[in-house]
Amino acid sequence: MGTPDKSIPDKVMNDAKCIAVIPSMVKIAIGFGGSHGKGVATCRTEGGTWSAPAPVTITGWQLGSSTRWAGG
């Protein structure tokens, strides 16, 4: 699968049940924080093929003492 540092290792890919790709994840934190991203996911069917891509949204919150901002 190409260069090891730019791809998913074959062992991980062969054992994967589902894969999600979230190309733009935004994170922000000032004492408390959150993250939000949208992408697509696909899962392996019983026949071993991959399902049609489905849209997914990931949102999370955190509580901590750090201050940071990161954009995807």
Minimum side-chain heavy-atom gap V56-V40 below 4.5 Å: no

query: Between R44 and M13, which heavy-atom pair has the shortest distance, and what is it?
result: NH2-O, 2.9 Å

task: Just jot down the side chain to side chain contact (heavy atoms under 4.5 Å, CB included) partners of A54, sequence neighbours excluded, or say none.
output: none

Residue pairs passing the side chain to side chain donor-acceptor pair (under 3.5 Å) test where at least one lies in residues 28-41, sequence neighbours excluded: H36-T59

Closest non-hydrogen atom pair between P23 and G39, with its separation: CD-CA, 4.0 Å

message: Among residues at least two apart in sequence or on other chains, which ones pass side chain to side chain contact (heavy atoms under 4.5 Å, CB included) with T49?
response: T45

- line: OG1 (T42) and CD1 (I19) are apart, to the nearest 0.5 Å, by 7.5 Å

Set of residues satisfying salt bridge (Lys or Arg N to Asp or Glu O under 4.0 Å) with respect to K11, sequence neighbours excluded: D15

task: Identify, with sequence neighbours excluded, every residue that meets side chain to side chain contact (heavy atoms under 4.5 Å, CB included) alongside C43.
output: C18, S51

